[in-house]
Amino acid sequence: MDTIQHSNILVNGITMHVAQIPNQGPPVLFLHGFPELWYSWRHQMVHLSALGYRTIAPDLRGYGGTDAPPSAADYTVFHVVGDLVCLLDALAIQQVFLVAHDWGAVIAWNFCLLRPDRIKALVNMSVVFSPRHPLRKPIESMRVMFGDDYYICRFQQPGEAEEEFARVDTALVIKKFLASRNPGLLLVPKEVGLGGNPNAKIPLPSWLSEDDVNYFANTFKRTGFTGGLNYYRAMDLNWELTAAWTGEQIKVPVKFIVGDLDITYNTPGVKDFIHKGGFKKHVPFLQELVIMEGVAHFINQEKPQEVNEHVYDFIKKF
């Protein structure tokens, strides 16, 4: 961790906090999810750096040390992919290996749609490519399929989730997300509240320390959760703006990794999409598919060594 350097770089009209380990080798860009930070990639950064790669992990727009515009309209995939293209330009990097998880995975798929020329290969985790439905917005689809208590639907109203998170300690919010191993649909009735029981005791898994929790919690105490929640609130706007890419395929080499206890893998329809040809149809250069047994959502932190090896085994081919 002592080798990780931090800087603030002006990109696309915002200031972005970037963690990196400079090397002369090929660059690897890591994209985190919610509720996470660059810190989620600490294990992968150090491991790949030791193998000669230049590792780069920004706090995405709305997170950590990066600027957080208040409006959800400023969190479309065009804004976030734009930030990343500008970051590569600022670092004088033409092409990167892209490694991503959760919301970072969604951004990575869109990065590959919009600017495949900047991506050498992609290792994506947890969230499969979701082809744009030509007729129905995503939040409407989720309400129909999963109901209003589905967590993404509950995140839509500005300020509401933030108020519910604020009723409990921020460290408890982080633990509830990171330590969860329930692969079922995340449904949260309003009477329960997104923050849950403020007196809950959540034991930490072996891969997550109190210091790790405190790093995330102290940062989110300072920034709040609005930036990260705005990604969910921009989903319908993304649908409207990306109509021109309906039916477009992902045209870069891909390795996809997911745990069999991941909430995303167990979402109705996803397993069939992955295993019955839908995924390969939309991601024709999918070269490797890994289902890790007994692993939940935060895969790169839960099984860092295995993920390190999976990433390296793929990108070393190029």
Side-chain angles (χ1 to χ4, degrees), residues 17 32-42 59-66 68-72 75 101-104 126-127 139 142-143 146-235 259 261-264 266-267 295-302:
H17 167 247
H32 67 80
F34 177 89
E36 298 182 271
L37 303 161
W38 76 268
Y39 187 81
S40 305
W41 296 109
R42 58 199 180 279
D59 283 335
L60 295 177
R61 172 182 291 243
Y63 287 92
T66 295
S71 171
Y75 289 79
H101 170 258
D102 188 75
W103 255 107
S126 292
V127 180
I139 301 303
M142 290 176 191
R143 291 193 192 281
F146 309 134
D148 291 338
D149 288 344
Y150 186 54
Y151 77 105
I152 294 178
C153 300
R154 293 275 279 107
F155 283 172
Q156 292 304 306
Q157 184 62 38
E160 189 172 288
E162 292 91 328
E163 288 180 13
E164 295 186 22
F165 287 150
R167 292 176 192 148
V168 303
D169 183 67
T170 306
L172 184 60
V173 175
I174 297 299
K175 289 178 183 180
K176 282 176 67 71
F177 277 100
L178 269 58
S180 174
R181 300 188 66 77
N182 181 359
L185 276 180
L186 181 52
L187 303 175
V188 188
K190 287 195 174 184
E191 56 270 22
V192 174
L194 289 159
N197 179 359
N199 301 311
K201 303 296 181 186
I202 299 177
L204 291 184
S206 60
W207 52 268
L208 188 66
S209 71
E210 288 288 349
D211 285 344
D212 295 332
V213 170
N214 289 336
Y215 187 91
F216 288 111
N218 290 336
T219 303
F220 280 100
K221 280 178 185 175
R222 176 174 57 81
T223 66
F225 289 93
T226 299
L229 291 166
N230 276 340
Y231 285 72
Y232 296 92
R233 293 166 184 163
M235 290 175 75
L261 298 179
D262 195 317
I263 189 173
T264 63
N266 290 279
T267 299
V295 183
H297 180 66
F298 294 94
I299 189 167
N300 49 315
Q301 296 186 77
E302 181 179 345

query = Taking it one step at a time, do Thr264 and Asp262 satisfy side-chain hydrogen bond (donor to acceptor under 3.5 Å, both in side chains)?
reply = CA-CA 5 Å; Thr264 63; Asp262 195 317; 2.8 Å; yes

ask   = Using a distance-only test with no angle check, is there a side-chain donor-acceptor pair under 3.5 angstrom linking His101 and Glu36?
value = yes

request  = Give a yes or no on this: more than 12 heavy atoms of other residues, nucleotides or ligands lie within 6.0 Å of atom NZ of Lys190.
outcome  = no

query = Can any side-chain N or O of Tyr63 pair as donor or acceptor with the backbone N or O of Thr223 at less than 3.5 Å?
reply = no

task = Report the C-alpha distance between Ile263 and Leu186 in whole Å, list the side-chain angles of each, state the deciding distance to 0.1 Å, and finish with yes or no for side chain to side chain contact (heavy atoms under 4.5 Å, CB included).
result = CA-CA 8 Å; Ile263 189 173; Leu186 181 52; 3.5 Å; yes

inquiry  = Please report the interatomic distance CZ(Arg154) to CG(Leu229), rounded to the nearest 0.5 Å.
reply    = 11.5 Å

key: Min side-chain heavy-atom separation Ser40-Asn300 under 4.5 Å   = yes

query = Would Glu162 and Arg167 satisfy salt bridge (Lys or Arg N to Asp or Glu O under 4.0 Å), going step by step from the backbone distance to the final call?
reply = CA-CA 9 Å; Glu162 292 91 328; Arg167 292 176 192 148; over 6 Å; no

ask   = Is there a donor in the side chain of Ser180 and an acceptor in the side chain of Asn182, or the other way round, less than 3.5 Å apart?
value = no

request  = For Lys175 and Glu210, run side chain to side chain contact (heavy atoms under 4.5 Å, CB included): C-alpha distance rounded to whole Å, both residues' side-chain angles, the deciding distance at 0.1 Å, then the answer.
outcome  = CA-CA 10 Å; Lys175 289 178 183 180; Glu210 288 288 349; 3.4 Å; yes

query = Between Phe155 and Phe165, how do the two ring planes meet: parallel, tilted or perpendicular, split at 30° and 60°?
reply = perpendicular

request  = Check for a donor-acceptor pair, side chain of Thr170 on one end and backbone N or O of Ala166 on the other, with a separation under 3.5 Å.
outcome  = no

inquiry  = Quick one, Val173 with Phe225, criterion side chain to side chain contact (heavy atoms under 4.5 Å, CB included). Give me CA distance, side-chain angles, the key distance, then yes/no.
reply    = CA-CA 10 Å; Val173 175; Phe225 289 93; 3.8 Å; yes

ask   = Can you tell me if Asp149 uses its side chain to pair, donor with acceptor, with the backbone of Leu187 under 3.5 Å?
value = no

inquiry  = Could you measure the distance from the CZ atom of Phe146 to the CG atom of Leu185? Nearest 0.5 Å is fine.
reply    = 5.5 Å

request  = Please report the shortest heavy-atom distance between Tyr75 and Pro69, naming the atom on each side.
outcome  = OH-O, 2.7 Å

inquiry  = Contact between Val213 and Leu204 at the side-chain level, heavy atoms closer than 4.5 Å - yes or no?
reply    = yes

inquiry  = Under 3.5 Å, is there a donor on one side chain and an acceptor on the other for Asp102 and Ser126?
reply    = no

task = Determine, step by step, whether Thr219 and Arg222 satisfy the side chain to side chain contact (heavy atoms under 4.5 Å, CB included) criterion, reporting the C-alpha distance in whole Å, the side-chain angles of both residues, the deciding distance to 0.1 Å, and the verdict.
result = CA-CA 5 Å; Thr219 303; Arg222 176 174 57 81; 3.7 Å; yes

message = To check you understand the geometry: which heavy-atom pair defines the closest contact between Pro203 and Ala179, and what is its length?
response = O-CB, 4.3 Å

ask   = Out of Trp103, Tyr232, Phe216, Tyr231, which residue meets the ring-ring contact (aromatic ring centres under 6.0 Å, His included) rule with Phe34?
value = Tyr232

key: Nearest-0.5 Å distance that lies between atom CG in Leu172 and atom CG in Asn197   = 8.0 Å

inquiry  = With rounding to the nearest 0.5 angstrom, report the CG to NE2 distance, Asn266 to His297.
reply    = 12.0 Å

key: Beyond-backbone contact of Trp41 with His32, side-chain heavy atoms, under 4.5 angstrom   = yes

Donor-acceptor under 3.5 Å (Glu302 side chain, Ala296 main chain) = yes

query = Do Glu160 side-chain atoms and Gln156 backbone N/O form a donor-acceptor pair below 3.5 Å?
reply = no

ask   = If only atom types and distance count, is the side chain of Thr66 paired as donor or acceptor with the main-chain N or O of His17 below 3.5 Å?
value = yes

request  = Scan side-chain atoms only and decide if Tyr39 and Asp212 contain a donor-acceptor pair under the 3.5 Å cut-off.
outcome  = yes

key: Contact check, side chains of Phe298 and Leu208, non-hydrogen atoms, under 4.5 Å   = no

key: Pairwise distance OH(Tyr215) to CD1(Ile174) - rounded to 0.5 angstrom   = 12.5 Å

request  = Could you tell me whether the side chains of Gln157 and Arg233 share a donor-acceptor contact shorter than 3.5 Å?
outcome  = no

CZ on Arg42 to CG on Leu37, rounded to 0.5 Å = 10.0 Å

query = Which atom pair, heavy atoms only, marks the closest approach of Ala72 to Ala234?
reply = O-CB, 3.5 Å

